[in-house]
Amino acid sequence: MAYPKILTVQDISCVGQCSLTVALPILSACGVETCVLPSAVLSTHTAGFTGYTFRDLTEDIPAIAAHWKKEGILFDAIYTGYLGSAEQIAYVRQLARDALRPGGTLIVDPAMADNGKLYPAFDAAFVEEMKTLCAVADYVLPNITEASFLTGLPYRTGYDAAYIAALTDGLLALGAKNVVLTGVGYRTGKTGVSVFENGEIRYYEHELLPNGCHGTGDVYASAFVGAFVRGKDGYDAARIAADYTVRCIRATAKEKDHWYGPKFETELPFLFSALR
Ligand code: PXL
């Protein structure tokens with residue numbers, strides 16, 4: 001695909017270096033035409049700030065989708081991230097049926113939880129709806145917390161490859177075709193990604209930095225999508241995205257007051273060269 005056209009559906013957190021303010025520049029840097037459908041507008045993200053505003057854009061989606069249908073607009077890939085409401089998920093499923101070109105790819109980052117807990121805006125009903133979106137995805141990109149909510153398996157911080165295989169099987173049982181599990185670490189000081197693709201699990205291990213920050217999941221997913229639509233397979237896209245994300249976290253650690261999101265901009269040249 002020389003010049004893929006992709007749609008990303010996620011929120012605009014005006015401040016906080018996550019979701020659309022991360023996805024759009026990263027995908028553009030990957031040389032990909034990127035269209036957006038904002039799921040909600042927030043003054044900041046919800047992890048660490050208090051008193052943020054939240055405007056849910058669920059109501060706007062049917063008219064936007066109808067207009068695109070009338071114009072015959074189709075995308076080579078749709079990539080979803082943080083969504084605004086449980087009801088919105090049904091609209092996004094419909095959009096995947098109407099607006100994905102035949103053979104196009106649906107990539108779902110079920111951005112809803114971390115460190116064993118759901119984000120403040122979400123509840124069990126949201127998780128149930130998210131399962132239905134994962135069911136039709138070509139690739140799902142959960143962290144271990146999200147995978148445990150989606151599969152009903154207990155959340156664990158210490159585990160072995162059998163636990164990761166069980167989470168993967170649970171996601172495949174939902175209907176997802178391929179599974180990229182992030183934040184999978186088996187040894188002290190290391191973490192990595194476990195990729196189920198073409199019937200087998202492959203694992204890529206990388207350094208675990210002490211200063212994880214919010215928004216790294218969005219940096220990771222955006223770089224994965226960019227690399228994938230530029231022709232890498234899921235494993236190579238996962239590896240490139242992991243190396244890029246580690247660089248962003250390392251760059252952020254140098255800025256003492258920069259706790260709210262990853263400094264991803266200065267590391268974009270690495271992503272360019274990895275895709276060349
Ligand atoms: O990075 C995930 C994310 C996206 N959008 C909003 C969030 C978060 C994580 O907390 O709050 C609004």
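First listed ligand is number 1; within each ligand, the first listed atom is number 1.
Looking at ligand 1, you won't find any N or O of Tyr119 less than 3.5 Å from one of its N or O atoms. Geometrically, ligand 1 and Tyr82 share no nitrogen or oxygen pair separated by less than 3.5 Å.
The nearest pair of heavy atoms linking Leu141 to Asp109 is O-OD1, 3.3 Å.
Against a heavy-atom cut-off of under 4.0 Å, Cys18 is close to the following atoms of ligand 1: 1 (O), 4 (C), 5 (N). In the vicinity of His45, heavy-atom distances shorter than 4.0 Å reach the ligand 1 atoms 6 (C), 7 (C), 11 (O), 12 (C). Within ligand 1, counting atoms from 1 as listed, the ones closer than 4.0 Å to a heavy atom of Thr46 are 7 (C), 10 (O), 11 (O). Which parts of ligand 1 touch Ser19 is read off a 4.0 Å heavy-atom cut-off, strictly below it: atoms 4 (C), 5 (N). Near Leu42, the atoms of ligand 1 lying under 4.0 angstrom from a non-hydrogen atom of the residue are 12 (C).
The shell of residues lying under 4.0 angstrom from ligand 1, judged by heavy atoms, excludes Ala111. Heavy-atom separations between Gly217 and ligand 1 are all 4.0 Å or longer.
Counting protein heavy atoms only, atom 12 (C) of ligand 1 is closest to Ser13 OG, 3.3 Å. Among all non-hydrogen protein atoms, the one lying nearest atom 5 (N) of ligand 1 is Asp11 OD1, 2.7 Å. Looking from atom 2 (C) of ligand 1 to the surrounding protein, the closest heavy atom is Asp218 OD2, 3.4 Å.
Side chains of Asp138 and Thr105: a donor-acceptor N/O pair is absent below 3.5 angstrom, by distance only. In the model, Glu197 has a side-chain atom that pairs as donor or acceptor with a side-chain atom of Tyr139 under 3.5 Å.
Classification of the Tyr244-Phe270 ring pair by plane angle, with boundaries at 30° and 60°, yields parallel. Taking the six-membered ring for Trp and thresholds of 30 and 60 degrees, Tyr260 and Phe49 have ring planes inclined between 30 and 60 degrees apart.
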Exercise for the section: Check step by step if ring pair (Phe, Tyr, Trp, His ring centres under 6.0 Å) holds for Phe122 and Tyr82. Expected result: CA-CA 10 Å; Phe122 301 135; Tyr82 187 106; 5.0 Å; yes
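Here the side chain of Gln17 pairs no donor or acceptor atom with the backbone of Gly215 at under 3.5 angstrom.
The neighbour count for Arg156 CZ, taken as heavy atoms of other residues, nucleotides or ligands under 6.0 Å away, is above 12.
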